[in-house]
Chemist: 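First, the structure itself, so that you have it in front of you.
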Amino acid sequence: MDYKNTVNLQDTSFPMRGDLAKREPQMLDKWTKQQRYQKIRQICAGRDKFILHDGPPYANGQLHIGHATNKVLKDIIIRSKTLAGFDAPYVPGWDCHGLPIELNIEKQFGKNLEPRDFRNKCREYANGQIEQQKSDFIRLGVLGDWDNPYKTMNFATEAGIVRALGEIYKNGYLFSGVKPVYWCIDCGSALAEAEVEYYDKQSPAIDVAFKAVDSQAVAAKFGVTLPADKSIYAVIWTTTPWTLPANQAICAGSEIEYALVATECDYIVVAKNLVEDALQRYSFIKDGQAIATIKGAELEHLRFEHPFYNRQVPMILGEHATDDAGTGLVHTAPAHGMDDYLVGVKYGLDLHNPVGNDGCYISTTEYFAGMNVFDANAEVIKLLTERQRLMNKTDITHSYPCCWRHKTKIIFRTTGQWFIGMDKQGNGGKTLREQANKAVDDTAFFPAWGRARLESMIGNRPDWCVSRQRQWGVPMTFFVHKETGELHPQSAEILEVVAQKIEVEGIDAWFELSADQLPEFNLADYVKLKDTLDVWFDSGTTHFTVVGTRPELQKSNLAAGEPAVDLYLEGSDQHRGWFQSSMLTGCAVNGNAPYKQLLTHGFVVDGNGRKMSKSLGNIVAPQQVISKYGADMLRLWVAATDYSGELSISDEILKRVSESYRRIRNTIRFLLSNINDFDITKDAVAIDEMVELDRYALAYVAQLQTRVNDELYPIYQFHLIVQELVGYCSEELGGFYLDVLKDRLYTSKADGHARRSAQTALYHITKALLGMLSPILAFTADEAWEVLERNSDDSTLFHTHHVVPAINDADSLLVKWSRLQEFRSLVLKELEEKRTGGLIGASLQAELVIHADSELYPLLASIGADLKFAYMVSKITLHQAESSSVEVKVSGAVKCERCWHYQDDIGGNEEHPTICGRCVENVTGVGEQRSYA
RNA sequence: GCGGGGUUAAUUUAAUGGUAAAAUAGUGUUUUGAUAAAGCACAGUUAUAGGUUCGAUUCCUGUACCCCGUACCA
């Protein structure tokens, strides 16, 4: 007789190889047809909500691995919250306005399109990009409302952005002011940072003397008495002579040592470390001696004469003054430089800019009116020479900002802009900075250091300049007075009327609006503002425009001042971006943060920790990973990596990940195949009647569920979850429980108690395991779930986590069996020794003689005759002893043809002469009895 | 330059002021009833230099390298 047919070798439709790249798209098709997202919404209706609000990627360009990582992390959270019993909707979004799209349209169609046509092209372009990115996101298995995502260019959203601006205006945070911007004379326009390139250019470098208003006072600071016929000059160095008409101060470094240098003519002041250099340049000085030095801080507020205007300028202090070049004293023209502007604001200097849009000085500029600024360099130098203020002139070549179109030098110009003030008291009496600081305190950060980062950024940031001079953006829908520049007194009302128009027609409604269409507002003396909003304002207000307007994203029981969103999750660069813009608008509109929790992940780098770049050739594209390994592999990589730092990816790393995947997948396959003939509704063994080892296995998996589902998912520590689950599959299941179980599953009677007990445990284990895996291995878990439930329409996400039946003596079983496992590893070591010695091959060839001490003996004895199954040998003899030890003997018995144990009772049954008594019972009787293992 | 973060076996990750651990890879081996699989055994690690300490991978300081953000080059 061929006993192989009497052994319960099961099969399953769940294949060993995932073949994910090929099969995932088929699963996606099915899920889409089933409308799984919508179905989950129905199932979850009425539960407590968990809102993860999507930060919108920019609607331009191919998806890269960073996008993929971000979306996968979000999806893991959405799925884990769903399984944990929340209603967790996910509305993906896109950021649609802004310069990069404008530039693409310009590149494609030139600069001469009609504005409306131009904006339409931008809109079409953005939609095309969104469709591409969307299909990639869907391919990752990201579950969400893809048919109805939010776009910042949706008319309703555009209207919402205008309304958000209105709220901030009403709350008193918006004001107009001036700010330096990059300006290209050839374009006649401000440039964005992205449009600036740096080239080596030649500039005149001049040293200019500023005469002290009161030289004796300056000398006194140095502790020196000045001869009556001498004066003191502070010397500055500059490469932009044309900015001297706008000079309003001289800037010194407070910690830098400055020297008073006596020469045969007058006295000069320069940084001590630069005296020699300077004197070398000033060749007309034959004999110069530093006679005293003081710190820059001492010089503050001393006054000097402008070199050619009738103007006194102060000495001020600034961090940007250094003593490694020039004279250590910095010519300060607040109208023409960022540092100069900032320090100018601090000291209350005149910020007035004497240069017009055309790059020529305005008509009131003495000496230079109407002159182009670069032409003025030579004239300034000439005038300085006449006034005897020029100490030296040379030419230098240095890196200088240029327009990326014209490749010509750009200038800094202060221009009128709109700001959201950080330190301006709002109508509620608090400044935005105060409110934001408080809101940061109230926010939970994952990981914790995010707090310090956001805090320092909000603490240091200047006012937010929200106006842009662009076409593809949401307009600032204000009317300002022709003469005074004041906003119309009914601005709030006008804005709401305009918002309603935008809701219907989009932003063109504003650009094409003429004042006489709003007769009720008396706009005769007002002009329409042409500025658009910074795109960071668009995305920063999505808590208002999207979360605030979509019913599924709103919680019914929100307390006053409670953030509307549970979690924002983005890369660490967003501390300066979306996290911050959302925080500021949240505080400016509502007085509180829009989010309760902030989660940050690092950037993706290669296997050597280098950032990915074309030149290094180390870019890993998500599309490649998916087509080679499948989305679940990418998801497993994301989950297995500690995202709080950088995320490394490389071929080797992916190979290791796919090995982990294979381990998990094969474990699932073993589980499924061994419960293939098991029906929980008919075949289940009552918990109290189960074999002890099986009850232990249930206690173990329940404990693991607590760790994974209750401890780790809520704090988003997915890499620890992967460790736990891979370890579980390898050690606890593969290395112990399933290994031990094989004998019982295969050789005991198919529907006997012993096997059904094991299958009852395996069923619960599989269900619990798939639940824990499901947020990460979205495809694989549901693929297995369909097999397990014998229902191809079901999904893990249609349920909450499986509740494993409670085990009364769980704690003591866990302790007992972990001790038995410890001793088992000693047994295995002894067996291995005999194996290398050539005495045995399979462990069933061995018998054990165990001597156990008083602690161990009762444990082993309590397992009774089942102990040999736990240790997978053919026979065990147990003795109590002083100390514990194991002796391995080669069995002298005959091998049972069916169960491969070496037994003395083979041949005891005439009909079955080659099998043991246990097998005879399993083949012909009611099946063997097991109680413990 | 400044602010924030990081560096544990070949790879991904643990842990602790007191012998540094797991998985995967590697080597050897067993089984051929998880077989493009599984079991077992073996081997291998705290970036670097100091400091505090009886004892430091852990706490502190410096250095190197890497990542994110930001400034400047008048």
Side-chain angles (χ1 to χ4, degrees), chain A residues 4 7-12 16-17 198 203 205 236-240 243 251 319-322 324-327 329-333 336-340 398-401 447 449-457 460-461 571-577 600 602-605 607-611 637 640-642 644-648 650 652-660 662-663 666-674 719-720 722-731 734-736 738-739 742-743 745-747 825 828-829 831-833 835-836 840-845 872 898-900:
Chain A
K4 190 139 180 161
V7 177
N8 311 301
L9 301 177
Q10 297 302 314
D11 198 10
T12 171
M16 176 177 285
R17 298 189 68 193
Y198 288 80
S203 301
I236 62 92
W237 181 76
T238 181
T239 58
T240 50
T243 61
C251 188
E319 292 290 310
H320 61 289
T322 59
D324 53 14
T327 61
L329 292 172
V330 178
H331 147 58
T332 300
H336 297 304
M338 194 44 118
D339 269 338
D340 295 15
H398 60 164
S399 165
Y400 192 91
W449 50 258
R451 181 187 306 281
R453 193 157 174 189
L454 195 61
E455 212 162 47
S456 84
M457 276 173 170
N460 297 329
R461 72 156 296 147
S572 61
D573 58 330
Q574 297 302 331
H575 284 97
R576 74 109 23 223
T600 303
F603 272 54
V604 181
V605 296
N608 298 315
R610 307 272 168 166
K611 66 172 154 195
W637 166 75
T641 307
D642 177 4
S644 68
E646 298 95 67
L647 295 90
S648 284
S650 68
E652 171 164 20
I653 291 166
L654 284 168
K655 221 163 123 187
R656 291 294 110 81
V657 170
S658 67
E659 271 144 13
S660 297
R662 287 218 307 263
R663 173 50 121 165
N666 216 247
T667 302
I668 295 171
R669 186 174 131 91
F670 182 88
L671 292 167
L672 289 174
S673 69
N674 280 289
H719 67 285
L720 300 185
V722 173
Q723 297 267 316
E724 292 280 358
L725 295 180
V726 173
Y728 178 63
C729 290
S730 284
E731 296 171 83
F736 176 62
L738 299 182
D739 209 26
K742 281 180 201 168
D743 175 84
L745 287 166
Y746 298 155
T747 68
S825 64
L828 292 169
K829 206 167 198 146
L831 287 170
E832 183 67 17
E833 217 164 89
R835 191 171 291 136
T836 30
I840 58 167
S843 66
L844 287 177
Q845 274 176 267
M872 298 192 304
R898 182 168 176 277
C899 74
W900 301 342

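The figures here come from the full heavy-atom set of this structure, side chains too, leaving out hydrogens, waters and symmetry mates. Residue numbering restarts at 1 for every chain, and letters A, B, ... go by the order of the sequence lines.
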Chemist: With a 3.5 Å cut-off and just heavy-atom distances, do the side chain of A:Glu832 and the base of B:G28 make a donor-acceptor pair?
Modeler: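 Looking at the base of B:G28, it does pair with a donor or acceptor on the side chain of A:Glu832 (distance under 3.5 Å).
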Chemist: Ion pair present between A:Glu832 and A:Arg835, side-chain N to carboxylate O less than 4.0 angstrom?
Modeler: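 Answer for the salt bridge query: yes.
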Chemist: To the nearest Å, give me how far apart NZ (A:Lys742) and C1' (B:C40) are.
Modeler: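 A:Lys742 atom NZ is separated from B:C40 atom C1' by 12 Å.
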Chemist: Roughly, in whole Å, what's the span from CG in A:Leu647 to C1' in B:C68?
Modeler: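 Taking CG of A:Leu647 and C1' of B:C68, I get 13 Å after rounding.
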Chemist: So, do A:Leu738 and A:Asn674 sit near enough that their side-chain heavy atoms are less than 4.5 Å apart?
Modeler: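 They are not in contact (no side-chain heavy atoms under 4.5 Å apart), so the answer is no.
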Chemist: B:G33 base stacked by A:Trp900? Criteria: ring centres under 5.5 Å, plane angle under 30°.
Modeler: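 Here the ring of A:Trp900 and the base of B:G33 are stacked, with centres under 5.5 Å and planes under 30°.
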Chemist: Can you say whether a donor on the side chain of A:Arg610 sits under 3.5 Å from an acceptor on the base of B:C67, or the other way round?
Modeler: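 No, no donor-acceptor pair under 3.5 Å.
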Chemist: What does B:C73 pair with, Watson-Crick or G-U, if both distances are under 3.5 Å?
Modeler: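 Base partner found: none.
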Chemist: With a 4.0 Å cut-off on N to O distance, would you call A:Arg656 and A:Glu659 a salt bridge?
Modeler: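 Yes, this pair counts.
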Chemist: A:Asp573 has an atom CG; how far is it from atom C1' of B:G3, in whole Å?
Modeler: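 From A:Asp573 CG to B:G3 C1': 15 Å.
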Chemist: Are any non-hydrogen side-chain atoms of A:Val605 and A:Arg610 less than 4.5 angstrom apart?
Modeler: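 No. Closest side-chain heavy atoms not under 4.5 Å.
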Chemist: Between P on B:A37 and CG on A:Leu671, what's the gap in Å once rounded to a whole number?
Modeler: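 My rounded result for the distance is 18 Å.
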Chemist: Round to the nearest Å and state the distance from A:His575 atom NE2 to B:G69 atom P.
Modeler: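 These atoms are roughly 12 Å apart.
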Chemist: Take the protein atom CG of A:Asp642 and the nucleotide atom P of B:U7, then report the distance between them rounded to whole Å.
Modeler: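 After rounding, the gap between these two atoms is 9 Å.
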